[in-house]
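Only one structure is covered here, and it is reproduced in the block below.
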Amino acid sequence: MRLWRGGLLATLAGDSGWGLVDDGALLVDEGRLRWVGPAGELPPEATGAEVVELGGALVTPGFVDCHTHLVYGGSRANEFEQRLLGASYADIAKAGGGIRSTVAATRAASEAELLAGATRRARALMREGVTTLEVKSGYGLDAATEARMLRVARQLGGLGIDVRTTYLAAHALPPEFSDADEYIAAVCRWLPELHEQGLVDAVDAFCEHIAFSPAQTARVFDAAQRLGLPVKLHAEQLSDQGGAQLAAGYRALSCDHLEFLSPAGVQALGQAGTVAVLLPGAFYALRETQLPPIAALREAGVPIAIATDHNPGSSPTLSPLLMLNMACVLFRLTPEEALRGLTVNGARALGLHDRGRLVAGQRADFCIWDSAHPRELAACFGHNPLKERVWQGSHQGES
Ligand code: DI6
Ligand code: FE
């Protein structure tokens with residue numbers, strides 16, 4: 001057993017508030033939090049534990065980055081330049097760039113090359129406190145490359161981070177298909193075997209005018225449901241397609257982006273208990289102006305998560321800390337909502353309830369920061385105060 005003591009704990013224990021414990025202690029046994037509380041009230045079983053002094057440092061739950069496209073080949077910095085000259089994300093996609101250009105580069109990359117790139121990126125996320133990471137496929141768009149992406153994602157688990165994989169073959173229409181319905185049939189056909197190989201934890205789709213319709217999305221969700229797999233959705237990013245209502249009908253774990261979410265969509269998410277995942281990196285990089293309906297989400301009691309949405313096109317960031325800041329500055333989340341979004345609600349967006357708070361029984365995934373208060377994590381940007389990342393109770397000497 002190991003005892004971390006003498007820190008300011010932001011436990012997020014209740015449904016609101018930071019859950020601060022001053023001069024707090026965490027007792028860890030076999031990768032789990034056995035006890036959390038004031039250092040002056042240690043339980044008898046703490047006697048004899050190996051002690052680590054926190055020296056007044058801040059401790060938060062480890063970050064859960066619940067939406068990334070971390071595995072891919074190539075770069076899309078050229079599109080950044082095109083957008084600066086006036087082209088929109090949708091224009092670039094329609095002209096065959098965007099997702100399709102990453103598909104070409106990903107198909108051309110070997111598994112080792114994909115793993116090398118994804119490993120560098122995962123390490124960058126870990127250096128800012130990520131302990132659980134979701135990774136989507138969706139740049140293969142054929143059975144072999146989708147499988148390769150998902151295998152690479154699984155291998156990232158060896159770095160000392162939990163990885164959840166999401167099948168997103170319904171991301172764009174690949175060049176060898178001209179009929180989107182035929183492609184969706186293939187997407188549904190490939191899924192059982194990938195699932196059989198243990199490569200899929202959830203199923204996602206891009207429901208948008210430049211991607212797939214609600215009816216096509218429903219077919220993908222039906223295929224997921226037949227296998228008992230939970231679903232998520234890229235919904236209402238560029239327009240209101242009613243994707244949130246559709247996803248809520250499938251009890252989706254999350255709907256993501258949501259800038260164009262309608263009042264009916266908000267209600268549907270609230271009733272289904274679906275998490276709203278907000279992605280300020282994509283909003284920022286695409287210079288969007290339509291804000292997700294934060295006040296309505298709050299009012300309907302929809303849990304809000306935030307994530308990096310790391311991808312080479314619309315959100316090439318590897319900084320969860322910057323997402324905390326952007327969630328507050330751009331979306332007007334409170335610093336506490338933003339931190340919940342990157343911890344307990346991020347976990348919920350992956351269907352995980354054993355992490356995201358510092359309470360007894362949860363996994364011992366936490367971050368030790370050179371900060372005086374958790375609000376500093378959101379207030380500062382371009383600066384990483386992480387001192388130590390603890391994953392399953394072990395120090396991770398990431399550098
Ligand atoms: N929305 C996104 O933000 C990512 N996928 C999606 O459907 C972006 C993917 C990309 O541009 O490569
Ligand atoms: Fe995305």
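Predicted model only: the values in this text are computed from it and were never measured.
Surrounding CG of Asp15 are at most 12 heavy atoms belonging to other residues, nucleotides or ligands under 6.0 Å away.
A salt bridge links Glu176 with Arg107: the distance from a Lys NZ or Arg NE/NH1/NH2 to an Asp or Glu carboxylate oxygen falls below 4.0 Å. We find that Asp204 and Lys136 are joined by a salt bridge, their nearest charged nitrogen and carboxylate oxygen being less than 4.0 Å apart. In summary, Arg154 and Asp201 engage in a salt bridge, as defined by a charged side-chain N under 4.0 Å from a carboxylate O. Ion pair Arg389/Asp365 not flagged as a salt bridge, since none of the NZ, NE, NH1 or NH2 atoms sits closer than 4.0 Å to an Asp/Glu carboxylate oxygen.
In terms of heavy atoms, Ala118 sits closest to Val152 at CB-CG1, 4.1 Å. Between Phe212 and Tyr183, the closest heavy-atom pair is CZ-CD2, 3.7 Å.
When the side chains of ILVMFWY residues are joined at heavy-atom separations under 4.5 Å, either directly or via intervening members, Val135 and Val64 end up in two distinct hydrophobic clusters. Both Leu150 and Leu191 are part of a single hydrophobic cluster, where members link through side-chain heavy atoms under 4.5 Å apart. In this structure, Val277 is not a member of the same hydrophobic cluster as Val302, with clusters built from ILVMFWY side-chain heavy atoms closer than 4.5 Å.
Contacts of Phe366 classified as ring pair (Phe, Tyr, Trp, His ring centres under 6.0 Å), with partners at least two apart in sequence or in another chain: Trp4. Every residue meeting the ring pair (Phe, Tyr, Trp, His ring centres under 6.0 Å) condition with Trp18, not counting sequence neighbours, appears here in chain and number order: His373. By the ring pair (Phe, Tyr, Trp, His ring centres under 6.0 Å) test, Phe331 is found to be paired with Phe283, residues two or more places apart in sequence or in another chain being considered.
Residues Thr68 and Glu134 bring no donor and acceptor atom of their side chains to less than 3.5 Å of each other. Inspection of the Thr132 and Arg355 side chains reveals an N or O donor paired with an N or O acceptor under 3.5 Å. Side chains of His395 and Glu388: a donor-acceptor N/O pair is present below 3.5 angstrom, by distance only.
The closest side-chain heavy-atom distance from Val21 to Thr11 is below 4.5 Å.
Atom CH2 of Trp391 and atom CG of Asp162 lie 5.5 Å apart (nearest 0.5 Å). Atom CD of Glu41 sits about 10.5 Å away from atom CG of Asp23, to the nearest 0.5 Å. Taking OG1 of Thr343 as the start and CG of Leu358 as the end, the distance is 8.5 Å to the nearest 0.5 Å. Atom CG of Asn384 sits about 9.0 Å away from atom CZ of Arg127, to the nearest 0.5 Å. Separation of atoms SG (Cys255) and CG (Leu278) is listed at 11.0 Å; rounding is to 0.5 Å. For the atom pair Leu342 CG and Leu321 CG, the distance stands at 8.0 Å (nearest 0.5 Å).
Residue pairs satisfying the side chain to side chain donor-acceptor pair (under 3.5 Å) criterion with at least one member in residues 44-64, sequence neighbours excluded, are listed as follows: Arg2-Glu50, Arg5-Glu53, Thr60-Trp369. Sorted by first then second residue, the side chain to side chain donor-acceptor pair (under 3.5 Å) pairs that include residues 291-316, not counting sequence neighbours, are Asp65-Thr308, His67-Asp309, His69-Asp309, Tyr72-His310, Arg298-Glu337, Asn311-Ser314.
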Please list every donor-acceptor pair under 3.5 Å in which a side-chain atom of residues 257-267 meets a protein atom from a residue at least two apart or in another chain.
from, atom 1, to, atom 2, distance (Å)
Ser262, OG, Ala264, N, 3.4
Ser262, OG, Gly265, N, 3.0

